[in-house]
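Following: one structure in structure tokens, then a few remarks.
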Amino acid sequence: MKLATGLALAALIATPALADFNDAPPNVPSQKPAFEGQTRAPVLPAAFELTATKRVDGLSHPWGMAILPDGAVLVTERPGQLRLIGTDGTLGAPITGLPPVDAREQGGLLDVAIGPNFASDRQIWWSFAEPQADGTNNTAVATGTLSADNSAVENVRTIFSQQPSWDSTKHFGSRLVFDRDGMLFVTTGERSEVEARPLAQDLTTHLGKLLRIDPQTGAAAPGNPTFTGVEAKPEIWSYGHRSLQGATLDAQGRLWTVEHGPQGGDELNRPEAGKNYGWPTITYGEEYAGTPIGEGLTQQDGMEQPLYYWDPVIAPSGMSFYDGAMFPEMKGDLLIGGLRGQALVQLRLDGDKVVGEQRYLQDEIGRIRDLEVAPDGSIYLLTDEDNGGLYQVTRK
């Protein structure tokens with residue numbers, strides 16, 4: 001399907017909400033931040049208006065995207081399709097060659113990434129919910145070569161499978177980010193089930209972990225942390241995470257992540273090697289039934305505090321630092337997609353501290369699953385819907 005970029009019906013004009021979204025009551029009012037500014041940062045002034053133009057619709061729950069050197073966009077659809085959207089807005093047929101996925105509930109074909117040498121080797125990577133013969137599943141990462149005509153992925157091989165597999169259809173994590181050394185960060189989840197939660201603290205598993213692997217072999221990347229006195233999976237970079245659904249590098253090459261909290265307590269972190277980020281022992285959140293998680297703790301020695309958290313949640317997914325020319329007012333700001341928040345979230349930083357927040361397109365285009373900054377400085381957004389779309393955000 002192809003939609004003209006300037007189609008009047010597809011264009012939405014969005015002005016940042018003037019109301020203070022911080023007025024919304026928290027889910028857990030008894031919990032207090034560990035330091036000033038850890039939550040509910042001041043609302044940034046509305047400096048400009050945005051136009052969100054739907055470039056393509058008809059996508060089935062799109063999850064991840066990668067912008068190719070020529071400006072075309074690879075997009076994943078959770079039911080298992082990988083599609084190419086051409087520079088003219090043409091949506092290609094499903095690309096063949098991918099392995100099967102478990103597409104129940106939150107599972108399916110998830111993120112996609114290209115390596116630094118794509119222009120010469122056409123190698124791509126993708127993450128997915130990998131079905132097992134016993135009915136369990138796990139987050140997995142595969143790689144292959146995109147054919148010259150963009151119709152197939154060839155030489156496909158699965159390089160990593162999260163251990164252990166679990167009988168769950170939730171919390172796969174699944175963002176893929178290359179670091180400055182060419183190694184691959186892989187985010188995971190702790191699979192949501194109450195019995196699986198403690199495994200986020202268990203270093204002998206990949207559940208609830210941020211991993212760093214060699215993108216060719218899937219083995220642990222050189223320079224990963226070691227854990228003294230305990231057995232640990234060598235792929236682990238950090239642990240104690242719930243479900244990491246956004247990840248990106250900053251201008252210094254450091255990784256930042258966002259993860260889904262329970263009811264209350266979505267987190268922004270800058271995960272450091274070998275550190276414990278607390279789930280499920282500490283969290284700014286509660287069970288969906290309104291009861292405490294564990295002992296209801298928000299702090300404990302040896303566990304890291306989030307740099308920022310949201311209560312009530314925005315369900316963050318997809319993130320990128322803005323480095324384009326179209327919106328100089330946002331240069332260096334962190335942009336995050338909101339699923340439950342149904343907004344493009346802007347965070348302003350002073351060092352590693354969040355000092356302001358704004359939300360654009362609130363409740364106007366749907367659940368924002370992923371975002372990327374395009375070469376011209378516009379912002380691409382994917383909406384996670386039955387009839388999902390790729391939107392291009394420009395200045396009004």
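These numbers were taken from a predicted model, which means no experiment stands behind them.
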Under 3.5 Å side-chain donor-acceptor pair for Glu235 and Asn224 = no
Taking all non-hydrogen atoms of both residues, which atom of Gly208 and which atom of Thr188 are closest, and how far apart?
-> N-OG1, 3.4 Å
So, Thr204 and Glu231: side-chain donor and acceptor under 3.5 Å apart, yes or no?
-> no
Give a yes or no on whether the backbone of Gln216 and the side-chain of Arg157 come within a donor-acceptor separation of less than 3.5 Å.
-> yes
Side chains of Asp352 and Arg254: does their closest heavy-atom pair fall under 4.5 Å?
-> yes
So, the side chain of Arg369 versus the backbone of Leu339: is there a donor-acceptor pair under 3.5 Å, distance only?
-> no
Go through the steps for Asn117 and Gln123 under the test side-chain hydrogen bond (donor to acceptor under 3.5 Å, both in side chains), then give the verdict.
-> CA-CA 8 Å; Asn117 301 316; Gln123 190 173 5; over 6 Å; no
Give the C-alpha distance, both sets of side-chain angles, the deciding distance and a yes or no for side-chain hydrogen bond (donor to acceptor under 3.5 Å, both in side chains) between His260 and Asp266.
-> CA-CA 5 Å; His260 287 206; Asp266 289 343; 5.5 Å; no
Indicate the atoms forming the closest heavy-atom contact of Glu372 with Ile67, along with that distance.
-> CB-CD1, 3.8 Å
Does Gln358 use its side chain to pair, donor to acceptor, with the backbone of Leu44 at less than 3.5 Å?
-> yes
Determine the interplanar angle of the Tyr277 and His241 rings, folded into 0 to 90°, and report it as parallel if under 30°, tilted if 30 to 60°, perpendicular if over 60°.
-> parallel
For the residue pair Glu130 and Phe172, establish whether any side-chain heavy-atom pair is separated by less than 4.5 Å.
-> no
Ile114 and Leu84: same hydrophobic cluster, using ILVMFWY side-chain contacts below 4.5 Å?
-> yes
So, do Pro99 and Trp126 sit near enough that their side-chain heavy atoms are less than 4.5 Å apart?
-> yes
Walk me through it: do Asn27 and Gln31 pass the test side-chain contact (heavy atoms from CB on, under 4.5 Å)?
-> CA-CA 9 Å; Asn27 290 119; Gln31 294 180 341; over 6 Å; no
So is Arg242 actually on top of Trp279's ring, under 6.0 Å and inside 45° of the axis?
-> yes
Looking only at heavy atoms, the pair that brings Thr298 and Gln305 closest together is O-NE2, 2.8 Å
Audit row: Gln362, Phe21, side-chain contact (heavy atoms from CB on, under 4.5 Å) steps and yes/no | CA-CA 10 Å; Gln362 185 79 59; Phe21 40 80; 5.6 Å; no
Roughly how far, to the nearest 0.5 Å, is OG1 of Thr139 from CD of Gln163?
-> 11.0 Å
Spatial distance of atom CH2 (Trp166) from atom CZ (Arg191) [nearest 0.5 Å] | 9.5 Å
Working to the nearest 0.5 Å, report the span between CG of Leu68 and CD1 of Ile85.
-> 10.5 Å
Taking all non-hydrogen atoms of both residues into account, name the closest pair between Tyr322 and Ala325 and its distance.
-> OH-N, 3.7 Å
Path from Leu203 to Leu199 over hydrophobic side-chain contacts below 4.5 Å = no
Does Val112 share a hydrophobic cluster with Val373, counting links as ILVMFWY side-chain heavy atoms below 4.5 Å and allowing steps through other members?
-> no
Leu74 with Leu390, same ILVMFWY side-chain cluster at under 4.5 Å = no
Side chains of Ile368 and Leu344: closer than 4.5 Å at any heavy-atom pair?
-> yes
Can any side-chain N or O of Gln162 pair as donor or acceptor with the backbone N or O of Asn138 at less than 3.5 Å?
-> no
Hey, could you give me the OG1/OH distance between Thr53 and Tyr391, rounded to the nearest 0.5 Å?
-> 10.0 Å
Can you list the other members of the hydrophobic cluster that holds Leu334, where links are side-chain heavy atoms under 4.5 angstrom apart?
-> Trp256, Val258, Leu268, Leu307, Tyr308, Trp310, Ile314, Met319, Phe321, Ile336, Val345, Leu347, Leu349, Val354
Pick one: which of Thr248, Asn269, Val177 meets side chain to side chain contact (heavy atoms under 4.5 Å, CB included) with Thr257?
-> Asn269
Is the backbone of Trp63 close enough, under 3.5 Å, to the side chain of Asp111 for a donor and an acceptor to pair up by distance?
-> no
Mind running side-chain contact (heavy atoms from CB on, under 4.5 Å) on Val56 and Val75 for me, showing each step along the way?
-> CA-CA 11 Å; Val56 169; Val75 175; over 6 Å; no
When hydrophobic residues are tied together by side-chain contacts of less than 4.5 Å, even through go-betweens, does Leu176 share a cluster with Ile159?
-> yes
Sidechain-backbone polar pair: Asp214 side chain, Ala221 backbone, donor-acceptor under 3.5 Å | no
Pro292 versus Glu287: any side-chain heavy-atom pair under 4.5 Å?
-> no
Side chain to side chain donor-acceptor pair (under 3.5 Å): which pairs involve residues 326-343, sequence neighbours left out?
-> Glu329-Arg395, Asp333-Gln346, Asp333-Arg348
Positive for side chain to side chain contact (heavy atoms under 4.5 Å, CB included) with Leu382, one of Met65, His61, Glu77 | Met65
Counting distance only, does the side-chain N/O of Arg40 pair as donor-acceptor with the main-chain N or O of Asp311 below 3.5 Å?
-> yes
Is the side chain of Thr187 donor-acceptor paired with the backbone N or O of Leu210 at a distance under 3.5 Å, no angle test?
-> no
Measure up the Phe48 and Tyr360 rings against each other and bin them: parallel (under 30°), tilted (30 to 60°), perpendicular (over 60°).
-> parallel
Polar side-chain atom of Arg197 near backbone of Pro280 as donor-acceptor pair, under 3.5 Å = no
For the pair Lys54 and Glu385, find out whether any cationic side-chain nitrogen is under 4.0 Å from an anionic carboxylate oxygen.
-> no
Do the ring planes of Trp237 and Phe185 sit parallel (below 30°), tilted (30 to 60°) or perpendicular (above 60°)?
-> perpendicular
Would Leu184 and Trp125 count as a side-chain contact (heavy atoms from CB on, under 4.5 Å) if you check the C-alpha gap in whole Å, the side-chain angles of each, and the deciding distance to 0.1 Å?
-> CA-CA 10 Å; Leu184 186 62; Trp125 287 258; 4.1 Å; yes
Side chain to side chain donor-acceptor pair (under 3.5 Å) involving Gln263 - partner list, sequence neighbours excluded | Glu286
How long is the gap from CZ on Phe118 to CG on Leu146, to the nearest 0.5 Å?
-> 5.0 Å
Find out whether Ser320 and Ile379 are in side-chain contact, i.e. whether some heavy atom of one side chain is under 4.5 Å from a heavy atom of the other.
-> no
Can you measure from CD (Glu193) to CG (Leu207) and round to the nearest 0.5 angstrom?
-> 11.0 Å
Minimum-distance pair of heavy atoms, taken over all atoms of Asn276 and Gln201 | ND2-OE1, 2.8 Å
Scanning both residues in full, the closest heavy-atom pair of Pro222 with Arg212 reads O-NH1, 2.7 Å
Would you please say whether a donor-acceptor pair under 3.5 Å links the side chains of Gln300 and Thr281?
-> no
Sub-4.5 Å side-chain heavy-atom contact between Arg83 and Pro94 = yes
Below 4.5 Å, heavy atoms only, C-beta onward: do Tyr284 and Pro26 meet side chain to side chain?
-> no
Is there a donor-acceptor pair under 3.5 Å between the side chain of Lys209 and the backbone N or O of Asp202?
-> yes
